[in-house]
> 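Below are the structure tokens for one structure; questions will follow.
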Amino acid sequence: MWSNVIHLINEKRRFILTTHTNPDLDALGSEIALDEYLRSLGKEVSILNSDSVPGAFRFVDPERRLRTFSPGRHRETIREAEVIFVIDASGGWDRIGRVGNALADAQATVVCIDHHPDPVDFAHVALVDPDAAATAELIFKLITQAGGVITPTIARALYLAILTDTGSFRFPKTSPETHRIAARLIEAGADPAQLYKQVYEQYPLERVRLKGYVLNSLRAEADGQMVWCALDQATLKAYGVAPADLDGFPGLGMEIGGVRVSVLCVEMPKGRVKVSLRSDGSVAINGLATELGGGGHPSAAGATVEGDLAQVTAQVVAGVKVLLTTGQSRRCPATVP
Ligand code: AMP
Ligand code: MN
Ligand code: MN
């Protein structure tokens, strides 16, 4: 499975790593780990992302390896790149955002390493395993198959990625292999207590208060099988929290017994709504996310949709209701719930 990629790594010298918009810690941790490994081989590596690192995740990059793409500054880097690694993102160049447009025209070989079950026809080489709980599991396998050493930096970055993408080892894709890899990362220098604290116990007071607001605003539908919340820009501004800092909020409704699907809709600038869907695994919600122009995993998916917050929320809530009663994913007309 890995020999093509290992061959490319050995043969080529200039690499670009990139990931999806609104990057999470699986995306960023996987990039940092692969960057560290490639640099240990003496390669030239640039990590170019469309979005800057959300405030809550800055600790993951003390050496400031992650760069926000700028067309003027990075044109030459893209022109000279021999291999582009697209990490934790399939579905097409759009998913990568602004830098995706620039990379789509590059001459380099494109390698996609991911665990999303979305199309990968934009890549020359695709290493996709939808059973992996995090892309970081695949990066771990690549590095170890290639004979690389898991340094403490790699161990920390990959552990953070797995910790967060598995919802602290509880989401359905968490497997014995996930735990075996986590064990190896701990042996290589990842400190579970310290890393957990860094991710989950360093929030500003405003974000914790906003969490209280979201919990208070949850609305139940379909006999309590679904809960949803719509967050508008005014509320986000009043609490002083950016949309990029809402990681974990979509799943808050899953704490309630009987809930199969939890929905969070967040009003974004420029008339768009970021839809996040979470499921307990009894119903796959990525079909609905794809209908809405996004994608994702059966139990965690999302989309960014043009439109008004109330209308989009109504459409999504109606779609989830259909899903819960028929198991069919359908884009529904909006009826205000
Ligand atoms: P989120 O709700 O933003 O935390 O996203 C949950 C999952 O849904 C992500 O891990 C992605 O797999 C997927 N996802 C979210 N937004 C999009 C999108 N616009 N396009 C494709 N997949 C998405
Ligand atoms: Mn991700
Ligand atoms: Mn992931």
Side-chain angles (χ1 to χ4, degrees), residues 17-34 49-51 53-54 56-57 60 66 86-97 100 112-120 122 127-140 157-167 171-174 178 181 214 228-229 231 242-254 261-266 268 272-279 284-307 312 316 320:
L17 316 184
T18 191
T19 188
H20 56 79
T21 52
N22 294 315
D24 49 25
L25 281 177
D26 188 24
L28 303 174
S30 294
E31 286 185 319
I32 287 174
L34 187 54
N49 295 339
S50 291
D51 293 340
V53 182
F57 296 161
V60 75
L66 301 159
V86 176
I87 294 168
D88 195 42
S90 37
W93 291 112
D94 280 356
R95 184 87 185 100
I96 319 299
C112 175
I113 302 184
D114 192 19
H115 64 141
H116 293 96
D118 296 324
V120 283
F122 67 102
L127 289 160
V128 175
D129 179 2
D131 292 331
T135 295
E137 286 188 8
L138 304 175
I139 300 292
F140 176 86
L158 294 182
Y159 187 91
L160 281 167
I162 293 173
L163 174 72
T164 50
D165 246 35
T166 58
F171 293 157
K173 285 185 195 170
T174 306
T178 312
I181 293 172
V214 170
W228 61 269
C229 172
L231 261 183
D245 290 328
L246 301 177
D247 210 50
F249 279 33
L252 288 174
M254 299 309 298
V261 176
S262 170
V263 177
L264 178 68
C265 293
V266 179
M268 305 291 282
R272 295 184 308 157
V273 177
K274 185 169 168 4
V275 178
S276 290
L277 302 168
R278 298 293 184 269
S279 148
I285 35 73
N286 49 345
L288 179 59
T290 305
E291 289 283 317
L292 294 165
H297 311 277
S299 52
T304 299
V305 183
E306 305 246 334
V312 172
V316 175
V320 173

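Computed from heavy atoms alone, side chains included, the values below leave out hydrogens, waters and symmetry copies. In listed order, ligands and their atoms are each counted from 1.
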> Side chain of D26, backbone of T135: donor and acceptor closer than 3.5 Å?
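Side chain of D26 to backbone of T135, a donor-acceptor pair under 3.5 Å: yes, one is there.
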
> Quick one: does L28's side chain get under 4.5 Å of L66's, heavy atoms only?
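In short, these two side chains touch, coming nearer than 4.5 Å.
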
> Take every heavy atom of A303, measure it against each atom of ligand 1, and state whether any distance is under 4.0 Å.
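The answer is yes, since A303 has a heavy atom less than 4.0 Å from ligand 1.
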
> For atom 13 (C) of ligand 1, what is the nearest protein heavy atom, given as residue, atom name and distance?
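Residue, atom and distance for the closest contact: G295 O, 3.2 Å.
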
> So, does N22 sit close enough to ligand 1 that a heavy atom of it is under 4.0 Å from the ligand?
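False for this residue.
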
> Let me know which of V305, V261, L277, L264 forms a side-chain contact (heavy atoms from CB on, under 4.5 Å) with V316.
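Per the side-chain contact (heavy atoms from CB on, under 4.5 Å) rule, the option paired with V316 is L277, out of V305, V261, L277, L264.
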
> For atom 18 (C) of ligand 1, what is the nearest protein heavy atom, given as residue, atom name and distance?
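Nearest neighbour among protein heavy atoms for atom 18 (C) of ligand 1, to 0.1 Å: R95 NH1, 3.5 Å.
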
> Say whether G293, considering both its backbone and side-chain N or O atoms, lies within less than 3.5 Å of an N or O atom on ligand 1.
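In fact, backbone or side chain, G293 has no N or O that close.
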
> How about C112 and F122: do any of their side-chain heavy atoms sit closer than 4.5 Å?
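Sidechains of F122 and C112: in contact.
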
> Pairing donors with acceptors under 3.5 angstrom, does anything connect the side chains of D114 and S90?
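The criterion, which ignores hydrogens and geometry beyond distance, is satisfied for S90 and D114.
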
> Would you indicate whether the side-chain heavy atoms of L292 and L288 approach each other to under 4.5 Å?
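Yes, their side chains come closer than 4.5 Å.
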
> Does ligand 1 come near enough to R278 that some N or O of the ligand is less than 3.5 Å from an N or O of the residue?
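R278 vs ligand 1: N/O contact under 3.5 Å present.
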
> What protein heavy atom is closest to atom 17 (C) of ligand 1, reported as residue, atom name and distance in Å?
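That would be G302 O, 3.3 Å.
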
> Around atom 10 (O) of ligand 1, find the nearest protein heavy atom and jot down its residue, atom name and distance.
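Closest protein heavy atom to atom 10 (O) of ligand 1: H116 NE2, 3.6 Å.
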
> Go through the steps to decide whether L246 and L231 satisfy the test side-chain contact (heavy atoms from CB on, under 4.5 Å), and finish with yes or no.
CA-CA 11 Å; L246 301 177; L231 261 183; 4.0 Å; yes

> With side chains defined as the heavy atoms from C-beta onward, is the minimum distance between S30 and T19 less than 4.5 Å?
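No - every pair of side-chain heavy atoms lies 4.5 Å or more apart.
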
> For atom 7 (C) of ligand 1, what's the nearest protein heavy atom and its distance?
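Sorting protein heavy atoms by distance from atom 7 (C) of ligand 1 puts A300 O, 3.5 Å first.
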
> Using a 3.5 Å cut-off on N or O atoms only, is G294 in polar contact with ligand 1?
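So ligand 1 has no N or O lying under 3.5 Å from an N or O of G294.
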
> Once you restrict to heavy atoms under 4.0 Å, what part of H20 touches ligand 1? Side chain, backbone, both or neither.
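The answer is neither.
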
> Going by the closest heavy atom to atom 2 (O) of ligand 1, which one wins out of A301, S276, A289?
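When every heavy atom of A301, S276, A289 is considered, S276 comes closest to atom 2 (O) of ligand 1.
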
> If we ignore hydrogens and angles and just use 3.5 Å, is the side chain of H115 paired with the main-chain N or O of A132 as donor and acceptor?
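Yes.
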
> For ligand 1, which atoms sit closer than 4.0 Å to a heavy atom of K274?
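Result: 1 (P), 3 (O).
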
> Applying side-chain hydrogen bond (donor to acceptor under 3.5 Å, both in side chains), can you list everything that pairs with T21, at least two apart in sequence or on another chain?
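In terms of side-chain hydrogen bond (donor to acceptor under 3.5 Å, both in side chains), with neighbours along the sequence ignored, T21 is linked to no residue.
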
> With side chains defined as the heavy atoms from C-beta onward, is the minimum distance between L158 and I181 less than 4.5 Å?
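Contact flag for L158/I181 side chains = no.
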
> With a 4.5 Å heavy-atom cut-off, do N49 and T18 have their side chains touching?
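Touching, per the 4.5 Å side-chain cut-off.
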
> Under a 4.5 Å cut-off applied to non-hydrogen side-chain atoms, are V86 and W93 in contact?
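V86 vs W93: side chains touch.
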
> Enumerate the atoms of ligand 1 whose separation from the nearest heavy atom of T304 is less than 4.0 angstrom.
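That gives atoms 19 (N) of ligand 1.
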
> Protein N, O or S atoms at less than 2.8 Å from the Mn ion (ligand 3), how many?
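Atoms of protein N, O or S type lying less than 2.8 Å from the Mn ion (ligand 3) total 4.
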
